Amino acid sequence: MNRAVIELSIFGTVLCSCWLVFWLSRRRATQPDGGYQSTREIDVDLETLKQTVIHWTTTTNHREVGILYILFGTFAALWGGVEAMMMRTELLTPSADIWSVETYNALFTSHGITMLFFFVTPVFFGIANYFVPLLIGADDMAFPRLNAIGFWLLPPSLLLARGGLPAQVVGQFLRLFGVHGDLFRFFWTLQEPELGWTLYTPLSIQSPNPQVNFLLLGLHLSGIATTLGAINFIVTIAYERGNEIGWEHLDIFVWNILTTSGIILFAFPLLGSAVIMLLLDRNFATTFFTPDGGDPILWQHLFWFFGHPEVYIIFLPAAGLMSFILPKFTGRKLFGFTFVVYSTLGIGVLSFGVWAHHMFTTGIDPQIRASFMAVSIAIAIPSAIKVFNWITTIWSGNIRLSAPMVLCISSIGMFVVGGVTGVFLATIPVDIFYHGTYYVVGHFHMIIMGIIPFMMFAASYYWYPILTGRLYDRQLALFQSLLLVFGSVITFGTLIVMGLLALPRRYAVYPPEFAPFQRVATVGAFLIGLSVLLWLYNMLWSYWSGEPVRTADVWGLKRTQQFTREWQWFEGRLEERYGVEPTEPEITRPSSTTVPGEGSPTVLRSVEPLLRTVPRIAFAAGIGGLVGTTLMSGVLFTATILGIFDLSSFSELAELVGARGVSVGYLLFLAGGMTTWALLFAVFAEYLPGRPRIITGLAYATIISVGFALAFYTGQTGLQLLGYVVFVLIAHWFYGFGLAVTFQYLSSRWQVEG
């Protein structure tokens with residue numbers, strides 16, 4: 001199939017659908033309510049259209065430039081997302097029978113470049129452009145015109161970098177109409193590169209595709225645009241702050257943008273220099289990266305000296321959004337604010353010292369590899385500080401499970417998994433084994449997808465009232481968030497499993513035994529794609545037909561004293577424009593107090609009741625665990641008779657404590673069911689979904705069944721594997737039923753809460 005025509009057709013269909021939603025929502029817009037803005041009007045006459053175009057192409061207002069950045073980044077994300085869906089479609093079958101191998105290579109090259117350079121950074125720059133001046137009390141960015149120039153360098157850079165695809169379509173149309181001259185040859189020879197997004201030499205030097213030159217020029221131009229934006233952020237934050245806002249009063253999102261901008265100043269100019277050297281090698285016979293006179297490994301050093309800080313350039317703004325938004329939905333201030341700031345600065349510095357861990361397999365000096373291994377592991381410390389502070393902020397908070405909060409909590413989970421798998425890759429022996437496998441792809445996407453788009457979606461929901469003056473559909477947003485999380489876990493969790501099974505990455509053709517895993521990952525990817533379309537629909541429809549904002553305190557931030565400066569600005573704007581009176585908080589709930597139930601840790605309520613109730617809870621959990629494990633054992637015994645569960649797996653459990661035998665292993669299994677898992681249930685039962693308690697127990701058992709299925713798997717395949725999974729689930733549901741019912745009965749009888 002012709003990739004260029006199909007990809008542009010799908011992309012065009014998505015954009016046309018957006019316009020259709022826009023048009024339909026406008027027709028069904030909210031009716032006027034007597035003074036406050038309700039309907040939006042668009043004049044479509046030529047003069048108005050001309051003025052609109054001139055206004056948006058010459059504006060230097062930081063909020064409007066921010067919106068341009070966000071729209072540009074969303075456009076690029078949809079383009080790159082279509083390519084991701086096409087890649088996953090190809091991987092449905094072991095052979096390359098949907099797209100060709102060359103098309104697959106071009107897809108994963110352009111997908112990576114588009115997402116990293118034209119999606120993530122522009123969107124974060126857009127959010128920062130809009131909100132950083134508001135958060136620091138500045139009227140605008142320090143250099144408004146430079147700000148606009150920085151943005152308008154991006155569209156031509158995208159056109160240069162991605163011009164191969166539209167050029168191919170133009171070439172095909174020319175051939176269709178019988179045009180075969182120089183014009184046809186120009187368009188026909190420009191093809192999407194098939195090099196991989198890292199552009200490794202000598203392949204990138206030897207490629208005869210002229211589009212590679214345009215791609216390099218596009219990347220160079222985008223680097224200039226990004227550097228201009230970073231300079232503007234640094235100067236704005238340093239010199240345009242309000243008089244009352246000292247460094248100690250900067251909020252956490254601004255600190256992250258400041259650190260990100262600092263990294264950009266050192267990383268992007270180096271990429272620009274390396275790209276120029278590569279262009280010279282390709283076109284003027286210099287030998288920077290060629291084997292005869294230069295060194296291909298030098299490109300990897302230069303690229304990853306930029307490339308790994310780039311990971312943190314796109315991570316830190318997301319972490320800043322997490323630290324900023326999460327406390328709003330827990331009713332508490334960010335725990336350990338100072339430590340989070342220092343961890344951000346620490347990541348910024350250490351990010352330049354870890355580049356060579358991408359090169360453990362290139363044969364560089366072992367002593368150098370060891371030093372980079374140490375630094376790569378060390379950078380996990382400031383990352384872990386952030387995670388612990390996020391979790392501690394949630395602890396004992398007054399949690400509201402809105403869509404932004406669901407995305408925040410899910411991001412923490414995915415970041416932990418992605419981070420832990422990354423620590424393994426930082427160690428040389430493990431990296432050498434897994435470097436070329438899907439394990440790296442799964443780890444990378446677990447972080448990149450797990451926190452960056454998640455936080456973008458969370459920010460879009462959190463600040464949607466400010467951006468549009470409307471409220472979005474909360475129920476649809478909640479469903480979209482859950483679907484996004486579900487799809488992401490399925491997709492990237494499966495990639496990690498395939499990597500652990502040593503499936504090589506970057507291949508369009510793979511062994512048939514991996515087809516089921518690839519199909520599961522593709523189904524998960526399609527769920528992600530569907531959730532993105534639902535988000536887009538919600539944003540567009542609500543822009544016209546959403547409920548108008550009638551109070552600036554849409555999240556109830558005043559009563560938790562977190563009504564920050566951008567919302568105060570918004571409140572003043574509503575009053576000035578529409579006469580909306582500021583509201584008073586119903587209840588002021590301090591973020592730190594010793595009053596029981598007002599945000600303080602539960603342990604401060606009283607020590608004496610705690611000492612009295614804990615043993616009862618533990619005993620109830622133990623008895624419940626015994627009942628549940630006994631019921632579970634009956635199901636496992638039935639599975640053993642049917643030949644789909646192997647009792648010898650219990651002996652492997654015994655070996656963990658230096659013993660042997662099935663009976664010893666079973667006793668350990670019984671002890672774990674009565675202690676570890678039962679006590680965890682007692683601790684977390686209050687936070688698990690479902691009421692009455694029996695539903696909570698079934699949900700808890702379903703979650704922990706995944707670990708059991710992996711730990712006790714003994715090589716079953718086909719229908720036997722299917723039966724194994726089914727019986728594991730049934731066994732755990734019996735466990736959850738017995739545990740929950742017994743625990744509920746005993747805790748009610750003893751009048752204790754678990």
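Keep in mind the model is a prediction, meaning the values are calculated, not measured. Numbering of residues begins at 1 and proceeds along the displayed sequence. Excluded from the calculations below are hydrogen atoms, water molecules and symmetry mates; all remaining heavy atoms, backbone and side chain alike, are included.
- Between the His111 side chain and the Gly80 main chain, a donor and an acceptor come within less than 3.5 Å of each other.
- Here Phe372 and His357 keep their ring centres 6.0 angstrom or further from each other.
- Taking the ring centre of Phe337 as origin, the terminal cationic atom of Lys333 falls outside the region bounded by 6.0 Å and 45° from the ring axis.
- You'll find the ring centres of Phe125 and Phe233 inside the 6.0 Å limit.
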Under the salt bridge (Lys or Arg N to Asp or Glu O under 4.0 Å) rule, what do Arg565 and Glu571 come out as? Steps first, then yes or no, please. CA-CA 10 Å; Arg565 295 184 187 90; Glu571 186 174 61; over 6 Å; no
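- In this structure, the side-chain hydrogen bond (donor to acceptor under 3.5 Å, both in side chains) partners of Ser323, at least two apart in sequence or on a different chain, are Trp390.
- Both the sub-6.0 Å distance and the 45° axial angle are not jointly satisfied by Arg332 relative to the ring of Trp395.
- When atom types are taken as modelled, the side chain of Ser545 and the backbone of Ser542 share no donor-acceptor pair closer than 3.5 angstrom.
- Taking the six-membered ring where tryptophan is involved, the planes of Trp555 and Tyr462 are essentially parallel, since the angle between them stays under 30° and well short of 60°.
- Taking 4.0 Å as the cut-off between side-chain N and carboxylate O, Glu83 and Arg162 count as a salt-bridged pair.
- Taking a 6.0 Å sphere around CZ of Arg400, one finds it holds more than 12 heavy atoms contributed by other residues, nucleotides or ligands.
- The side-chain heavy atoms of Val120 and Met456, taken from C-beta on, include a pair separated by under 4.5 Å.
- Ring-plane geometry between Phe444 and Trp197 is classed as parallel, the angle between the planes falling under 30 degrees on a 0 to 90 degree scale with a further cut at 60.
- Annotation: Glu248, atom CD; neighbour count of heavy atoms from other residues, nucleotides and ligands within 6.0 Å is above 12.
- In this structure, the side chain of Asp473 does not engage the main chain of Asn538 through any donor-acceptor pair within 3.5 Å.
- Formation of a donor-acceptor pair under 3.5 Å by the Lys386 side chain with backbone atoms of Pro382 is not found in this model.
- Neither side chain, Ser402 nor Arg474, offers a donor N or O lying under 3.5 Å from an acceptor on the other.
- Nearest heavy atom pair, residue Ser261 against residue Ile234, reads CB-CG1, 3.5 Å.
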Trace of the side chain to side chain donor-acceptor pair (under 3.5 Å) decision for Asp140 with Asn61: CA-CA 7 Å; Asp140 204 326; Asn61 182 288; 5.1 Å; no
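- Other residues, nucleotides and ligands contribute only 12 or fewer heavy atoms inside 6.0 Å of the CZ atom of Phe335.
- Scored by the side-chain hydrogen bond (donor to acceptor under 3.5 Å, both in side chains) test, Glu64 finds His55, Thr59 as partners (sequence neighbours excluded).
- For the residue pair Gln480/Tyr461, the side-chain donor-acceptor check at 3.5 Å is satisfied.
- In this structure, the separation between CZ on Phe563 and CH2 on Trp567 is 7.5 Å, given to the nearest 0.5 Å.
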